[in-house]
**Student:** 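Mind looking over this structure? Questions follow.
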Amino acid sequence: MTNSAQTIDPALYAAVTDAVRAEARKVLESGAVAAVVGWQAGRRAGTAMPTIVTDPAKAADLIFSPACVNNLALYLTKAKKEVRGKGKIAIVAKGCDLKALVGLMGENQLKREELHIIGVVCAGVQGAAADRSLPLSEATIAGKCRECTVHTPENTDVTVGTLTELPHFTPTESAELARLEAMTPAERWSFWKEHFSRCIRCYACRQVCPFCYCEQCLCDRNRPQAVETTPRPAGNMAWHIVRAMHLAGRCAGCAECERACPMDIPLNLLNRKMARELKELYGHEAGFKPKEKGPLAEYREDDDQSFIK
Amino acid sequence: MPKTITEQNLRLLIDTLVKEGTRVVGPRAAGTMTLYEPLATGEELHLGELPRRSAKEAFFPLCETILTYEKDKEGVKVSDIDPARFPETVLIGARPCDVAAAPVLDAVFSWDFKDEFFLERRRKTTIIGLACTKADDACFCTAVGLSPSDTKGSDLFLTPLKDGGYRCDVVTEKGEALLSAHAGLFADGTGEPLPLAEPTLGKLDLEKIRNWLDSHFEDPLWEEIAQRCAGCGACAFLCPACHCFDIVDEGGEQKGARRKSWDACGFGKFTGHASGHNPRDVQPQRYRNRIMHKFKYYHDKFGQRLCTGCGRCIRACPVGIDIAAVLEEINNK
Amino acid sequence: MSRIGVFVCHCGENISRTVDVEKVAAEAARIPGVAYATDYKYMCSDPGQGLLKKAVAEHKLDGIVVAACSPRMHEKTFRNAAKSAGLNPFLCEMANIREHCSWVHEDREEATEKASAIVEMMVARVKKDRKLVPITVPVTKRALVIGGGIAGIQAALDIADAGHRVVLVEREPSIGGHMAQLSETFPTLDCSQCIMTPKMVDVANHPNITLHTYSEIEAVEGYIGNFQITVRKKARSVIEEKCTGCGVCSAKCPQKKIPNTFDKNLGFRPAIYVPFPQAVPNTPVIDREHCTRFINGKCGVCQKVCGPGAIDYEQEDRLIVEPVGAIVVATGFELYSISEKPKGSPIKGYGEFGHGTIPDVIDGLTFERLASASGPTGGKIIRPSDGKEPKQVVFVQCVGSRAREKGISYCSKICCMYTAKHTMLYKHKVHDGQAYVFFMDARTPGKSYDEFWRRAIEEEEAVYIRGMVSRLYQKGDKVVVMGSDVHVGVQVEIEADLVVLATAVQPRAGADTLAQKLGISYDSYHFYSEAHAKLKPVECATAGIYLAGACQGPKDIPDTVSQASAAAAKVMTLFARDELEREPIVAKVNERNCVACLYCKKVCPYGAVEEKEIRDRQGNLIRVVAYVNPGVCGGCGTCQASCPSKSVELDGYTDEQIMAMIETL
Amino acid sequence: MTPAKNLLTYSYYPGCSLHASAKEYDESTRGLFKALKIGLQEVPDWLCCGATPAHNVDELLSLSLCAKNLALADGVEGDLAVACAACFSRLKVTQHHLADNDAKRTQVEYAIDGKVNLAKPVKHLLEILAKDFGLDNLAAAVHKPLSGLKVACYYGCLLTRPPDVPQLDCVEAPTIMERVIAAAGAETVDWSHRMECCGANFTLSRPGVVLKLSGDILQSAKRAGAHCLMVACPLCHGNLDIRQKEIEEATGERFDMPVFYMTQLLALAVGVSPSKLGFDSMIVNPLPLLREKGLV
Amino acid sequence: MHAHKENHDFEPKIIAFVCTWCTYAGADLAGTSRMQYPANTRVVKFPCTGRIDPVFILRAFQKGADGVLVSGCHPGDCHYMAGNFHARRRFAAFRALLDFIGVDLQRLQFSWVSAAEGGKWVEVATELTERVRALGPMREFKELEAEEQWSGVIDTPELQEAYNNIP
């Protein structure tokens, strides 16, 4: 059932765009920051891509639209040395992106004072297979946005945009999670086996992840080889298990891995599962405050050990 | 004489080939997408959309074993893979943008070193191309000198007809042989073809682009475009023309295999030296190499370009890098 | 190709009974990289070890697997043998085919097969072993002792007597601690000050001891053998070097009505004072909070009367940096106060005892001052409210202690004994007085302790009532004690003249802050944690730091002195060598790959991980990486398992070694 | 700042005593709250809380009685105001007990055939006055300060105990009553027996015990110089007021110590007519004292 | 207990990752006490459970383990104070992940075995061996190991044999 009331008004994004441009121009002109990381329109209609603006005149290129899917926190990690070298940086961040920034601060990768965060109020972004010519609706909105709790980012330097009442969206991801959990282990195994067999090890999932900032990925090592690098089913399975484990307790849920995957592997299900597990076990939720320690770097003497004989 | 084949007979052709022991690879529904995969029956042929991965896999596998080894007290026993065991393959329903890459790749694999792994598979593959009637905003084959009905690389070429079925043109002798072996499934005639796809990007002056590249190894453009590049291999792995590969030994001290698998110039470690030095240290340098290789170096050496305008890299790029836009920008300089 | 030697031990018949050792050796010989394999009846015997050494030379072995008993048994033996054969000892591994195989399986075929598999696994490991060299850390042979109570004094004297320099830091103006406040000590009733003050003088006169009183630890850096400590010497307003300790200043000070904290506020002292007559050093200090000069500038008597001109009103705190190699923490205890509910404390307080508002309800230490011959009353037992001699005194044990509902669940250990002592001291001074004791249990383990307690009851006529006190309230000039006698099953009400509460022993306020500076751990009550409850009772988990006395848990004097001497012995052991040598099983950071997410630092139980800045030759910061201090690393490897990029690696247990073992499955 | 009309509204559980022997507690509570413009709506169809015998006899019954009352109170707006210390204690204990005992909770919910609301805040009047309404507001509402009246505030056993349950004030040395009545201008005395038991449980079975316990309380208050006692519990009131004569006979000491409910004194201070405060139903006649202090 | 060799169709491979201070010593104690248990377990010694990387567990399954045992000191007994506490969380998370991937958790056992618990070591090792024996071989990872991407498949006898050799 779709009608006009159940779409998100594009005007919301237009207003944010104007405000982002003004703020970007302001901080660049004043010299408060050396660069602004934001989004600009792509060649194709209804697409956008990350951009790094250093010239105040180029601030007008910045946009915010449902196509601004990228988590720009990526550009502030050590993986992107070129960007970090520019100086103090302003970043345009959706609520979900902000959680990654917070996580990176907790992991000693970013300092709050080195950032100027331009928070954008976000009603959602488009899903992978969405018809880009349509406004956001049940049919086109991304899975993660259906269950978003951070439409308005907090603890930013400035937050632009006003949230209007949003349509209710069916949560697809938690439904899928529940479906998988209801399966037998054997069924789950074949589910993942099918997906992982398609993996081509392009590492888009790793490269877009704000938390995969390691200089040397464990999985690229060969002495010893922890994970086979060739895209055979065995190595693929190991890679995705190791990836999910390494993100457990750190992943802030931006779902970029899943979006970036050219093979449509539902990677965020793994991340969500781990996040939920850690929340249930240790009350931890990633991305809300820069914690000194993550759930797997701390412990309580009375932690659950019902699984240990 | 022109031939036609009905939809039903096309599928019957697949069934027949499979029964004969031929590996038939064609577009097949795979989860949320279409992929070139071995077909078990003609029913599985799924021609509705461009497969997510290119057809190069049919002769340039994602990963293949090139030798296996086992060690005992006497020494290491190495077993080579005999290319003679590669299966006879018919690649069916492949788009012109995929098929056109095959002869381009032949050049590099048969240049100073003859790569028998590639060449033997190519020899054993018969390609039935399929004209394209649908394009999206990422398609740009016409801009790089190809067309939705280009038969380059095909052995047989199918053109969808208005009233269903396909016209089948013979392009090579290999194609002729396949057709005559199954002549009963084809009929004489031409039929009225469906209108061809019309990619929107205008024609590019590839020679101008090459010249610009020649003189702009250092240019701010590279950083401007590629500072956003995340350094994954999605573009290269989906590209019909990218052909870099890596060779690794996997397994333990006792036994294991040497394997060859796709590699991508976007990876940070792609040019990593054992010393730790990396001549392409940052992403813009890597992206520059990608463009240079496709539109200059390869052309300089082999007179061909490593891009068929399939648009896969544009669709798949997680950070929205659009090679067509890059070419357009250079073209307009 | 490696050249591994495999030596399969029969262990008499212990192994060979169930394992076909010849077959195991033969199979081992077939493993690629094994250059020599043999079996022998007793590998650990001299001839066995000789065989091994000979084989190393003859076959140019570069790794050894001894398939025998548990490495816990003989790893040292064989590594030493390997060492004497010229091989790095860490290239020798043991395959445990006895405890883990021949002794637990009876089927010969199965056991043999398993033994071969174990050998294969260890051969794989040895191939990935690296030569390791024991780590040496230079040792500064100078100790810091924090706290000048009996524990600190004892530790300092022991270390100093052994010929090492000691820096003793005390927060108060004088050393002596609680023991200087006590009247007589159980179970011998000898005078506390009589046995304490000579030790204090020894400290003052010891050429190896540098004493900093009225000082606190400001900062601690470094690690075992190499600490840098900063001491804050608080402004005393008296120049120590000039002061002769004549005492004229105190005598002439016009401000004389300041409650004397040393005497538990029972008496008064002037603004310039030494806490007690036998103080060490005998140098006064000006209590700036109460001194008229500091309040309104309208005095200066002490400066005028001071002959040597030792008074310095302008004196400021000084920071002194001392390099030391070991630290003894002896910060002692304080008594739980019922006077108010401590803020933020889990302790709920004693509202039913009037929250300290009843003047004739005092704690044990106050009673000590009352009973002390050098105390404010000259040893006469009188009550604080009206100075009358109390004829009925009620002692209440376990106030705060063993009271989960009040937030403290532990036993304070010393109260049973000192309460028994109090009843005696009381009876000795007030012959017609009656002492009552409310107690839960009498805990008197210790030499002559139970006898002492029995004496309090049987000879000194203390009435022990087993039960708790529910309420204390003032009724006229009496304090009514409402309690229960659980033996008889009745409620008891006593109208007492004085009530003495044996309040809980707690760590000193600020114990947590000091622990954080030292990097040592503490429990929920802020008692310092020893490294192992049984086997390392004086060591902290942080290497080079040792514990003495009640800062680690409630203790009486003999236990405190024993622990202090033990801590001193540990320090001397450390100082016995010029360099500290330790097993090289420590973590190392691959600085090239480390991205400084510092997960290693977060999980390290030893605080061995630091941030290290990598700079270019111009001094520009290039990047920050983690650094594991090999002197501090305990070798657990938790860092490596937590490191996402495996940029930190535990020597002796590298991923390569482990993976190679798994490969053999 | 005077709260606007209906700023505070409570559901109200009077309990059996307040409908019988402690009618004046009920009347003065309503009078006081009306004067302070605090809404009070009685829980319809409430049951006995079971105090004090039920929990000694049948735990399930005692929990179920209170659970049922909590369920009934759920239907009435506002936190649940309770006057009687015993009712307050039972309701709090029930919530506390069921909160971490799912099995028991299931049993109880089966027994009352409904859900029990463990989240509904149960508040004693003291809490409402001291915390919700505020002592400053209370002081501002006083027309007739109780100047010169020396009051011994008597808590009894139940207001603050058991530890962790009522969370009203410090368990063993509370001051909430003193603070509340001081806001009305009275003087309070420091005395020893504020928290001692009056013997309520034995009031019928072993009156001798009551005479001793309540006698100690009266003596202590007298010793401290109090003119009167102030209580928050109908059972304590019963022992201290009704049995005062008997105690005097037993001890031979004359007390003449009126025993007020806290709300009586407060209502008097905020200007409620003395005729509506049930002073005539008290055994120890308070009027001479009140007259002497110029309060009536 | 296992005085006679029983004839089993399938002998599972069990790998045990243990800490040196508690469980390794506990297993030693089982030996010195001459307790008997199935011979399927291979012990890999670590300084502490804190050192045990979940990757090792994964790797063990990949390399042919049918069951994996991870065992260390009881909480509070860690020689390194807190290694086992960290390990406990790490394994709780990893276990949940494996379960979600579809690995049968009956093949993965965690335990605390102290240096004094030789009997418990025997019990744990026996129980896991018998349980895995009943479950049969860990086919999932073994199959995966032998699988190729379709494009790399050649019908070689070696590969066919490797596949057939999965027990």
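Note that the structure is predicted; figures quoted are calculated from it, not measured. The sequence lines fix the lettering, A, B, ..., with proteins before strands; numbering per chain opens at 1.
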**Student:** Please state whether the side chain, the backbone, both or neither of M274(A) comes within less than 4.5 Å of a heavy atom of chain E.
**Tutor:** side chain
**Student:** For the atom pair CZ (R198(A)) and CH2 (W150(E)), what is the distance rounded to the nearest 0.5 Å?
**Tutor:** 13.5 Å
**Student:** To the nearest 0.5 Å, how far apart are CZ in R59(E) and CD in Q225(A)?
**Tutor:** 6.0 Å
**Student:** Is R89(E) reaching over with its side chain to a backbone N or O of P295(A), donor-acceptor style, under 3.5 angstrom?
**Tutor:** yes
**Student:** Please determine, among V113(E), I101(E), L58(E), the option with the most heavy-atom pairs under 4.5 Å with chain A.
**Tutor:** I101(E)
**Student:** Only pairs of heavy atoms separated by less than 4.5 Å count here; which of L270(A), L281(A), L278(A) has the most with chain E?
**Tutor:** L270(A)
**Student:** Heavy-atom distance under 4.5 Å to chain E: side chain of C219(A), backbone, both or neither?
**Tutor:** neither
**Student:** What pair of heavy atoms forms the shortest contact from L97(E) to I241(A), and how long is it?
**Tutor:** CD2-O, 3.4 Å
**Student:** Taking everything shown except W192(A) itself, do over 12 heavy atoms lie less than 6.0 Å from its CH2?
**Tutor:** yes
**Student:** Does the plane of the ring in F110(E) sit parallel, tilted or perpendicular to the ring in F307(A)? Use 30° and 60° as the thresholds.
**Tutor:** perpendicular
**Student:** Give me the atom names and distance for the closest heavy-atom approach of K120(E) to K309(A).
**Tutor:** NZ-O, 3.2 Å
**Student:** Hey, mind stepping through W189(A) and F100(E) against ring pair (Phe, Tyr, Trp, His ring centres under 6.0 Å) and telling me if it holds?
**Tutor:** CA-CA 8 Å; W189(A) 178 267; F100(E) 191 59; over 10 Å; no
**Student:** Just checking E147(A): does its CD atom have more than 12 heavy atoms from other residues, nucleotides or ligands closer to it than 6.0 angstrom?
**Tutor:** yes
**Student:** How close do K273(A) and A96(E) get, heavy atom to heavy atom, and via which atoms?
**Tutor:** CE-O, 4.3 Å
**Student:** Going by an N to O cut-off under 4.0 Å, is there a salt bridge joining R232(A) and E147(E)?
**Tutor:** no
**Student:** For L105(E), which atoms come within 4.5 Å of any heavy atom of chain A: side chain, backbone, both, or neither?
**Tutor:** neither
**Student:** What part of F141(E) gets closer than 4.5 Å to chain A, counting heavy atoms only: side chain, backbone, both or neither?
**Tutor:** both
**Student:** Check whether more than 12 heavy atoms from other residues, nucleotides or ligands sit under 6.0 Å from atom CZ of R112(A), and answer yes or no.
**Tutor:** yes
**Student:** Measuring heavy-atom distances to chain E, does D304(A) have an atom under 4.5 Å in its side chain, in its backbone, in both, or in neither?
**Tutor:** backbone
**Student:** Can you see which heavy atom on H86(E) is nearest to which on A297(A), and at what distance?
**Tutor:** CE1-O, 3.2 Å
**Student:** So which part of F91(E) gets closer than 4.5 Å to some heavy atom of chain A, the side chain, the backbone, both or neither?
**Tutor:** both
**Student:** One thing to verify: whether E140(E) and K193(A) come together as a salt bridge, which I'm taking to mean a side-chain N less than 4.0 angstrom from a carboxylate O.
**Tutor:** no
**Student:** Has Q149(E) got a side-chain atom pairing as donor or acceptor with P231(A)'s backbone, closer than 3.5 angstrom?
**Tutor:** yes
**Student:** Output the distance between atom CZ (F85(E)) and atom CD (Q305(A)), rounded to the nearest 0.5 Å.
**Tutor:** 8.5 Å
**Student:** Checking heavy atoms, do the side chain of F191(A), its backbone, both or neither come under 4.5 Å from chain E?
**Tutor:** neither
**Student:** So, for D99(E) and R188(A), which heavy atoms are closest and what is the spacing to 0.1 Å?
**Tutor:** O-NE, 2.8 Å
**Student:** Does any heavy atom of chain E fall under 4.5 Å from the side chain of D302(A), the backbone, both, or neither of them?
**Tutor:** backbone
**Student:** Under a 4.5 Å heavy-atom cutoff, which of E298(A), H240(A), R300(A) has the most pairs with chain E?
**Tutor:** E298(A)
**Student:** Based on non-hydrogen pairs under 4.5 Å, which of P185(A), P233(A), A248(A) is most in contact with chain E?
**Tutor:** P233(A)
**Student:** Top residue by heavy-atom pair count (under 4.5 Å) with chain E, among E228(A), E187(A), M183(A)?
**Tutor:** E228(A)
**Student:** Please lay out, stage by stage, how V55(E) and L218(A) fare under the test side chain to side chain contact (heavy atoms under 4.5 Å, CB included).
**Tutor:** CA-CA 10 Å; V55(E) 167; L218(A) 166 72; 4.1 Å; yes
**Student:** Does a sphere of radius 6.0 Å around CG in N155(A) hold more than 12 heavy atoms from other residues, nucleotides or ligands, not counting ones at 6.0 Å or beyond?
**Tutor:** no
**Student:** Would you call R88(E) and E301(A) a salt bridge, using N to O less than 4.0 angstrom?
**Tutor:** no
